[in-house]
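Read the numbers this way: they start at 1 and go in the same order the structure lists the ligands and their atoms. The figures that follow rest on heavy atoms only: side chains count, while hydrogens, waters and symmetry mates do not.
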Amino acid sequence: MNLANWEDARDAARRRLPKIFFDFIDGAAFSETTARANIDDFEKWTLEQRVLVDVADRHLSTRYLGTGRPSPLILGPVGFAGLFAPNAEIKAARAAHNAGIPFCLSNFGIVSMEALRDATDGPLWFQLYVLKDRDLSENLLRRAQSIGVEALVITVDSQVKSVREKDTRNGFRTLTKLTPGLALKLMRKPRWVAGALMAGPIRINNLSDYPEYGTNALEQAAKLGHLIDSSMTWDDVARFRERWKGKLIIKGILSLEDAAQCARLGVDAIIVSNHGGRQLDGARSSISVLPEVVGEVGDKLDVLFDGGVRRGGHVVKAMALGAKGVLLGRSYAYAVAADGQRGVETLLELMRVEMDVAIGHIGVRNFNELFEHRDRVLRRHA
Ligand SMILES: Cc1cc2nc3c(=O)[nH]c(=O)nc-3n(C[C@H](O)[C@H](O)[C@H](O)COP(=O)(O)O)c2cc1C
C-alpha cells in the first residue's frame with residue numbers, strides 16, 4: 001500500500017474497517033469542536049523560513065524521563081486498538097520499537113501486557129485509568145511492574161463518561177454481543193472479517209480474570225466506562241506516586257493549576273492533552289494550551305503533548321513551544337488499520353521526513369536549537 005500521508009492512511013482505514021470501528025477512531029465528543037480545533041489551531045502558528053544557514057548536520061533526537069530518544073514521537077494509548085487489525089497493538093509496538101520510540105498500551109487495549117512484552121523489546125508504557133475496583137488496579141500495577149514498563153501513565157481526563165454521537169448511532173458501547181444486524185454490517189468489510197476470524201475471540205486480555213466486566217470486546221466497551229472512578233482526586237495521584245516507584249506520567253492536563261499540582265506531587269512528566277477532543281467538547285485545543293503550561297512547569301517536569309498531531313510540521317511546532325515529546329493517537333490508529341505494522345512504519349517514516357524538512361527550512365539543526373530560537377522560528381497569528 002502506497003501511503004503518502006496520514007490522510008491516505010485514514011482513507012484506507014475507512015475502506016477496510018467496519019463503520020462501527022472506523023467511527024470509534026474518528027469520532028469525538030458531541031459537536032467535535034475541540035477535536036477539529038486540535039488540528040486547525042496548529043495553523044495559528046506559522047514557521048518562518050530562513051535560507052543559507054548551514055543545516056547539513058541535522059538530527060531529531062530529544063530527551064525526556066532522563067533518557068535520550070531518537071525522535072520525539074510516542075505511540076499513545078488507544079483503547080480497543082486490537083479491533084482495528086489482528087494483533088494491532090503488537091504490530092504498532094513493533095513499528096514503534098523499530099523506530100526506537102515508546103509504545104503505550106491502553107488500560108483498555110486488547111492484547112495482554114505480558115503477550116505484548118514477549119512480542120517486542122523496546123520501551124513500553126502502560127496507561128491506567130483510576131478505577132473504582134482497587135483490586136483490579138493493583139493487579140494491573142503489579143503486572144506492569146513485573147514486565148518492566150518504563151512508565152506508568154495515569155489518564156485523569158475521563159472522570160466523567162463523555163458521549164461520542166457516532167458511537168451512539170452505531171451502538172458501540174451499548175451492543176454487548178454480535179447481533180444479526182451488526183453481523184450484516186461487518187460482512188460489508190470481508191477483509192476485516194477474515195482477519196478477525198483468524199485471530200479468534202476479541203476481548204481485553206488484561207481483564208481476562210475479571211469476567212464481571214464482560215467477556216468480549218463489545219460487552220467490555222459497554223461496561224468499562226462505568227469502571228472509571230468519578231470520585232478521584234489529587235489524593236489518588238499522591239497515592240499512585242507513593243505506590244509506583246518507576247516513572248509516573250499524568251495524561252490529560254489542560255490548566256496551569258493542574259500542571260503545577262502535578263509538579264508539587266513529584267510527577268515525572270505530564271501530557272498536555274484533551275484526549276483528542278473525545279471528552280470535553282468546547283475545551284481549548286491542546287496546542288493553544290501548551291506554551292502556557294510549559295511556562296508554568298517546564299523547568300520542573302517534562303511536558304509531553306498530544307492532540308491533532310497529523311504532520312511532522314505539527315510536531316515541530318509543539319517542540320518549538322516547549323514539548324519534549326509528542327504522542328500520536330488517531331494517526332497511528334488509522335495506519336495500523338490500513339496496513340498493520342507496515343502502515344505504522346510508513347507513517348513514522350513520513351513524519352520523520354516532514355519533521356526533518358521543516359527544521360532544515362527554518363534554519364535549525366535540532367530541537368535544542370529550535371527551542372532556543374523559538375521566537376524567531378514561530379510566528380503566532382490571531
Ligand atoms: C480510538 C481511540 C481510543 C483511545 N483510547 C484511549 C485510552 O484508552 N486511554 C487514553 O488515555 N487515551 C485514549 N485515547 C486518546 C489518545 O491517547 C490521545 O490522547 C488522542 O488520540 C490524541 O489526539 P489525536 O487522536 O487527535 O492525535 C484514545 C483515542 C482514540 C482515537
Atoms of ligand 1 less than 4.0 Å from [X] heavy atoms?
X: S106; result: 7 (C), 8 (O)
X: G308; result: 23 (O), 24 (P), 26 (O), 27 (O)
X: Q127; result: 7 (C), 8 (O), 9 (N), 10 (C), 11 (O)
X: I25; result: 1 (C), 31 (C)

Tell me the protein heavy atom at minimum distance from [atom], and give that distance in Å.
atom: atom 23 (O) of ligand 1; result: G276 CA, 3.2 Å
atom: atom 15 (C) of ligand 1; result: H275 CD2, 3.4 Å
atom: atom 11 (O) of ligand 1; result: T155 OG1, 2.7 Å
atom: atom 7 (C) of ligand 1; result: Y129 OH, 3.1 Å
atom: atom 5 (N) of ligand 1; result: G79 N, 2.8 Å
atom: atom 27 (O) of ligand 1; result: R310 NH1, 3.2 Å

Item to check | CA sep, side-chain torsions, deciding dist, call: Y210, D133, side-chain hydrogen bond (donor to acceptor under 3.5 Å, both in side chains) | outcome: CA-CA 11 Å; Y210 296 81; D133 184 336; 5.8 Å; no
Checklist entry - Can you get from L47 to V55 by hopping between Ile, Leu, Val, Met, Phe, Trp and Tyr side chains that sit under 4.5 Å apart? => result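 They do not share one cluster, since no chain of ILVMFWY contacts under 4.5 Å joins L47 to V55.
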Checklist entry - Passes salt bridge (Lys or Arg N to Asp or Glu O under 4.0 Å), E138 versus R134? Steps please. => result CA-CA 6 Å; E138 184 51 35; R134 300 293 151 110; over 6 Å; no
Checklist entry - Are R10 and D26 within salt-bridge range, i.e. N to O under 4.0 Å? => result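 Yes, this pair counts.
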Item to check | With F21, the ring pair (Phe, Tyr, Trp, His ring centres under 6.0 Å) member among F84, F80, W192 | outcome: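 For F21, the ring pair (Phe, Tyr, Trp, His ring centres under 6.0 Å) test succeeds with only one of F84, F80, W192, which is W192.
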Next on the checklist: Ring of F240, cation from R243 - is the NZ or CZ under 6.0 Å from the centre and inside 45° of the axis?
Outcome noted: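 Verdict for F240: no cation-pi partner in R243.
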I'd like to know whether ligand 1 has [X] as a neighbour, heavy-atom separation below 4.0 Å.
X: S273; value: yes
X: F80; value: no
X: N38; value: no
X: D306; value: yes
X: F24; value: yes

Item to check | Option whose closest heavy atom lies nearest to atom 2 (C) of ligand 1, chosen from R278, R330, K251, H314 | outcome: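 Comparing heavy atoms across R278, R330, K251, H314, the nearest one to atom 2 (C) of ligand 1 lies in R278.
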Checklist entry - If hydrogens are left out, which of G76, G329, P77, A35 has an atom nearest to atom 16 (C) of ligand 1, that is, the closest non-hydrogen atom? => result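 Nearest heavy atom to atom 16 (C) of ligand 1 lies in P77.
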Item to check | Q261 side chain to R264 side chain, donor-acceptor N/O pair below 3.5 angstrom | outcome: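 R264 and Q261 do have a side-chain donor-acceptor pair below 3.5 Å.
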Item to check | Between R143 and N139: side-chain donor-acceptor atoms closer than 3.5 Å | outcome: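 There is such a pair (donor and acceptor under 3.5 Å, judged by atom type) between the side chains of R143 and N139.
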Checklist entry - Is a donor on one side and an acceptor on the other found under 3.5 Å between the side chain of S106 and the backbone of P77? => result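 The answer is no, because no donor-acceptor pair under 3.5 Å joins these two groups.
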Checklist entry - Can you tell me if Q159 uses its side chain to pair, donor with acceptor, with the backbone of M232 under 3.5 Å? => result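 Yes; judged by distance alone, with no hydrogens or angles, the pair exists.
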List, one per line, each side-chain donor-acceptor pair under 3.5 Å for residues 304-311, sequence neighbours excluded.
{"from": "D306", "atom 1": "OD1", "to": "S273", "atom 2": "OG", "distance (Å)": "2.7"}
{"from": "R311", "atom 1": "NH1", "to": "E354", "atom 2": "OE2", "distance (Å)": "2.8"}

